[in-house]
Amino acid sequence: MDRDTIANIITSIRNADMNKKVTVRIASTNITENIVKILLREGFIENVRKHRESNKSFLILTLRHRKNRQKSSRKKILNLKQISRPGLRIYSNYQQIPRILGGMGILILSTSRGIMTDQEARLERIGGEILCYIW
């Protein structure tokens, strides 16, 4: 099993989106559940189900596909980028949290109060580890 669960989530969702798959199955942990809740709340995914197989829990995500996507287009609709990784942690205080595409994208942070978006962190005036960008 891999140690970097955030990279696994990002890669699974990105690959499924590029291949126009409807569902993605990822391992269920506290971190993945919190990140998926944010993705659901922000509208990047449609639905989440919890599935259990032989003492292991999985989350089955239903991706949101846009109708204006073209087959020959190389541009991806859903872009995810991991920032902090096990070998290099990136931290930011609330004043220096970057804005993604002028506020059109979101940034997911791990703070002392849990995993939250950049807007929530600015409102609560709290910084933390920058996990990933989504736009």
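Position 1 is the first residue of the sequence, and the numbers go up from there. Every heavy atom of this structure was used, including side-chain atoms; hydrogens, water molecules and symmetry mates were not.
- For the pair Phe58 and Ile26, the minimum side-chain heavy-atom distance is 4.5 Å or more.
- With hydrogens and angles left out, the side-chain atoms of Ser28 and Glu33 include a donor and acceptor closer than 3.5 Å.
- Val24 and Ile134 fall within the same hydrophobic cluster, defined by Ile, Leu, Val, Met, Phe, Trp and Tyr side-chain heavy atoms under 4.5 Å apart, directly or through other members.
- Within the model, atoms CD1 of Ile45 and CG of Asp17 stand 12.0 Å from one another, a figure rounded to the nearest 0.5 Å.
- In this structure, Arg113 and Ile126 have side chains that are in contact, with non-hydrogen atoms separated by less than 4.5 Å.
- Taking a cutoff of 4.0 Å between a charged side-chain nitrogen and a carboxylate oxygen, Arg25 and Glu53 qualify as a salt bridge.
- In terms of modelled atom types and a separation under 3.5 Å, the side chain of Thr32 and the main chain of Thr29 share a donor-acceptor contact.
- Of the inter-residue distances, the one linking Arg52 atom CZ with Ser57 atom OG reads 4.0 Å to the nearest 0.5 angstrom.
- Listed here is the closest heavy atom pair of Ala7 and Gln82: CB-OE1, 3.3 Å.
- Between atom CG of residue Leu39 and atom CD1 of residue Ile13 there is a gap of 5.5 Å, rounded to the nearest 0.5 Å.
- Under the side-chain hydrogen bond (donor to acceptor under 3.5 Å, both in side chains) criterion, no residue pair touches residues 95-111, with sequence neighbours excluded.
- Between Trp135 and Lys81 there is a side-chain heavy-atom pair separated by less than 4.5 Å.
- In the hydrophobic cluster analysis, where Ile, Leu, Val, Met, Phe, Trp and Tyr join through side-chain heavy atoms closer than 4.5 angstrom, Val48 is grouped together with Ile31.
- In this structure, the separation between CG on Asp118 and CZ on Arg122 is 4.5 Å, given to the nearest 0.5 Å.
- For the pair Tyr133 and Leu80, the minimum side-chain heavy-atom distance is 4.5 Å or more.
- Asn47 contributes atom CG, which lies 4.5 Å from atom OG1 of Thr62 (distance to the nearest 0.5 angstrom).
- Taking 4.5 Å as the limit, every side-chain heavy atom of Ile106 sits out of range of all side-chain heavy atoms of Ile100.
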(request) Please lay out, stage by stage, how Glu120 and Leu109 fare under the test side chain to side chain contact (heavy atoms under 4.5 Å, CB included). (result) CA-CA 10 Å; Glu120 295 168 346; Leu109 291 128; over 6 Å; no
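- Heavy-atom neighbours of Arg49 CZ from other residues, nucleotides or ligands within 6.0 Å: at or below the threshold of 12.
- Residue Ile60 shares its hydrophobic cluster (ILVMFWY side chains chained together at separations under 4.5 Å) with no other residue.
- Residues Ile6 and Ile35 form a side-chain contact, since some pair of their non-hydrogen atoms from C-beta on lies under 4.5 Å apart.
- Nearest heavy atoms, Ile97 versus Ala121: CD1-CB, 3.9 Å.
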(request) Might you work through the side chain to side chain contact (heavy atoms under 4.5 Å, CB included) test for Thr117 and Leu107, ending with a clear yes or no? (result) CA-CA 6 Å; Thr117 63; Leu107 183 137; over 6 Å; no
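- At a threshold of 4.5 Å between non-hydrogen side-chain atoms, the residues Val22 and Leu63 do not count as touching.
- For the residue pair Tyr94/Arg125, the side-chain donor-acceptor check at 3.5 Å is satisfied.
- With rounding to the nearest 0.5 Å, the separation of OG in Ser84 from CD1 in Ile108 is 13.0 Å.
- Within the 4.5 Å cutoff, the side chain of Lys37 has no heavy atoms near those of the Leu40 side chain.
- Under the 4.5 Å side-chain contact rule for hydrophobic residues, Leu131 and Leu59 share a cluster.
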